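Below is one structure, written out as structure tokens; comments come after it.
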Amino acid sequence: MVAQHKPVLRAPYYADEGDGCLIHRYLDEDFVTRHLQAMQQGTLQGNRGQNWRFEDRFADDKSQPWLRLPVHRTFYMVSCEVVCDTFASPAFNPQNITSAGFVVRRRDGSRWLQTNGVAQGWQAGNNKDDDPDHVRQLRRQKLIRPRLPEPLPSGEESYPLHAQLITASRADGRQRKHTLLYGYLPLSGSVQTNVIEQRSRQDYFVDSLPWPFGRQDQAENSVLVWQAGDGHLMTNAAAKPALVKLINQLVSRYQLLDSSIAANKPLNALLNDVHFYRLPDTARYQQSRQKLALVGQNCTAVAEALSLLPIGNLGEKIQALAIKRASQPGLPYPNLLEADDFAADRLAADTVQALQWLAGVSTLTQQIRAQAAANPAVFALQAAISAADASLRSLQSYLSNIDNFKLQSLQTYLDTNKTQLLAKASIDEEQADILLNLEADWHLFINEQQAMTLREHLFERSINHTQDYVDSLQIPRYQQNPGDSYYIKPFVRYRDDKGCEQIVWGSNSETFRVAAPFDPEASRPQAIQMPKLSDLKRGLAKGATFVAPKDLAATLKKIGLEMPPTEKSGNSFGLEWIISFSLPVITICAMLLLMIVLNLLNLFFQWLPYAITLIPKPK
């Protein structure tokens, strides 16, 4: 559906206006159901009514609330409201929301990025609040086309928000509808250390290349539209900065000239269809224009010489000849802005028009000659027509042969100058001398379709460029250093009155910190029921079961349980064994052994018995 009004994200109706996006805490696993029930019953509270925000302030930083982890059996839900940007701010229709979500950012401005589904860690972000998903972002700006299946997510990691339309009662008894967005806040995630340490900073092609290959030089959030002349990348061997940066990135970043990289084959195939051109010779156009002008002058001479002759309907034909003189077509040098302009029908269009005009003048001249054969002006006109016709047909033949202008492909040029290009290429993409050995009259063109395909290939290469290190240590996403403060920022996507998908961002949540798994203040005790002695007499509780291979089973069977230990015969049957342990019994034995050891060590370390806390359980 198409939205009639622009949505606005704000704090929920039950909170203060400055609360922004809210965080609700739950201490049981059924937190989603509890949140939905509280949302329907209108019992949710804003920041001022949530005591946990003041209670959960741990460690040496008491200025911000600390969020516990799921390992502490604590869960958090995110909530905000979306309204229409119009008078009285009515509830926004949930059916007009294409999707909604939120991102978690650090207070220093960095963002948690991912590339092709692989986490890249916290990286400095820009101030642009564009779509966090690069695929949606590029699709909206018409840099790439939709595809199925969609590629794995790349960009800032986001989490979904779900829309729910509820009816809330006011203090005066009136009811009003509200569209609330809610979602689960996962406090998990990690990144590989080698990815952080060994990865060089990789910009997406859209942010490092100008149009028509990227958006570096374009206005923020603008929809990019192909204009005539965008495809003319080189004029008389002078390359545009966009082409220089493109070639430098292809050679240095993506190793385009390395034939062993299979991922570059689509790029190589595309560049084989992009050619250098030499523009048509201007002297040929000048000569044809002069001969057409001479035909026009002779038309005027014939009209003046025969206008007074009283021969039949000659006056009407002379008048028609004068009209032909006034409608003489021009033959301008072609304005070649795109690669498609070099098609034979585009190049020869003006020549065809001139030949048609010339054929009409020739027919009329033959009719005049039948009545005034001896007039020298008519003979001069016929001679000029013949010369112009020969010149135009020669120009037409020259223009219709594309091989007269189409030179080698861009891929052939790169392969031919491979050694010199590799020596010149670097991460400094401002080096204008990377293109070498070019003729002075060479031009380079690319059409809109080729530019779109090139952007899609570059998108694939950029998201797959980061190497994954699977044998590295994982570093958690949320840490407890002094500067590790975070906040939530929600967004909603909708379709405007033109059917285009747009995105709107909401206010930030309160800043918070995340507790460590071992934080003693954040931990919540877990009660585990031990069996009674009478339960143990009834049989062993089923526990962990292990399968021991033949050689291990043979060794285990040699160990006797007598005191002192004796060695038995072993696994005489050569079979595998299934070994089952009763965890409650093992736990009780371990506790008895631990208490004996603690009492023995108490002779030297009198504080050790306090490692176990004994609290009577009330009946």
Side-chain angles (χ1 to χ4, degrees), residues 228-229 231-232 275 277-407 441 443 445 447:
H232 197 171
H275 288 79
Y277 290 88
R278 180 178 288 115
L279 296 189
D281 186 11
T282 56
R284 289 176 178 264
Y285 280 85
Q286 183 67 26
Q287 182 184 26
S288 299
R289 281 199 299 267
Q290 290 175 351
K291 293 185 177 180
L292 277 178
L294 181 60
V295 172
Q297 293 174 4
N298 288 333
C299 284
T300 303
V302 170
E304 292 177 353
L306 302 181
S307 60
L308 300 178
L309 293 179
I311 304 177
N313 60 349
L314 185 60
E316 296 177 1
K317 295 179 180 179
I318 293 175
Q319 184 179 7
L321 189 64
I323 294 175
K324 287 280 186 181
R325 167 68 179 92
S327 62
Q328 174 189 346
L331 195 63
Y333 190 74
N335 185 19
L336 304 176
L337 298 177
E338 308 288 340
D340 293 339
D341 293 339
F342 281 90
D345 54 341
R346 292 289 301 276
L347 282 172
D350 291 334
T351 311
V352 171
Q353 180 187 3
L355 283 170
Q356 292 174 350
W357 176 85
L358 198 64
V361 175
S362 178
T363 301
L364 188 57
T365 304
Q366 291 175 1
Q367 295 175 1
I368 294 174
R369 184 183 177 186
Q371 301 182 40
N375 196 295
V378 177
F379 286 103
L381 177 58
Q382 284 188 323
I385 290 173
S386 299
D389 184 78
S391 178
L392 286 175
R393 293 190 183 281
S394 173
L395 179 61
Q396 186 182 43
S397 176
Y398 165 72
L399 294 176
S400 62
N401 186 2
I402 196 65
D403 293 334
N404 290 328
F405 322 109
K406 191 175 181 179
L407 306 175
D441 57 349
H443 295 249
F445 295 87
N447 59 35

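For reference, positions follow the sequence shown, starting with 1. Keep in mind it's a predicted model, so treat the numbers as computed, not measured. Atom set for the values below is all heavy atoms of this structure, side chains included, hydrogens, waters and symmetry mates excluded.
- Between the OG1 atom in T363 and the CG atom in L358 there is a gap of 9.5 Å [rounded to 0.5 Å].
- Counting only residues at least two apart or in different chains, side chain to side chain donor-acceptor pair (under 3.5 Å) contacts with residues 380-395 comprise S288-S391, R369-Q382, D389-R393.
- Nearest heavy atom pair, residue L395 against residue R284, reads CD1-CB, 3.9 Å.
- Checking side-chain atoms of E338 against main-chain N and O of H232 turns up no donor-acceptor pair under 3.5 Å.
- Side-chain contact between F342 and L279: present, with at least one pair of heavy atoms (C-beta onward) separated by less than 4.5 Å.
- Atom CG in L392 sits 11.5 Å away from atom CZ in R289 (nearest 0.5 Å).
- A pairwise comparison of heavy atoms in S397 and S400 identifies O-OG, 3.0 Å as the closest pair.
- Across every non-hydrogen atom of L347 and P280, the tightest pair is CD2-CG, 4.3 Å.
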How far apart are the C-alpha atoms of D341 and F445, what are their side-chain angles, what is the distance that settles it, and do they pass the side chain to side chain contact (heavy atoms under 4.5 Å, CB included) test? CA-CA 10 Å; D341 293 339; F445 295 87; 5.9 Å; no
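- The structure places CG of L294 at 9.0 Å from CG of L381, a figure rounded to the nearest 0.5 Å.
- To the nearest 0.5 Å, atoms CG (L407) and CG (D441) are separated by 7.5 Å.
- Shortest non-hydrogen contact noted between L292 and P329 is CD1-O, 4.2 Å.
- The CD1 atom of I402 sits 6.0 Å away from atom OH of Y277, with the distance rounded to the nearest 0.5 Å.
- To the nearest 0.5 Å, the span separating CD on Q366 from CD1 on I385 amounts to 8.5 Å.
- A donor-acceptor contact shorter than 3.5 Å links the side chain of Y398 to the backbone of D281.
- Nearest heavy atom pair, residue L399 against residue A348, reads CD1-CA, 4.1 Å.
- Classified by interplanar angle (parallel below 30°, tilted 30° to 60°, perpendicular above 60°), the ring pair Y333/Y285 is perpendicular.
- Between N447 and A339 the shortest heavy-atom distance is N-CB, 4.3 Å.
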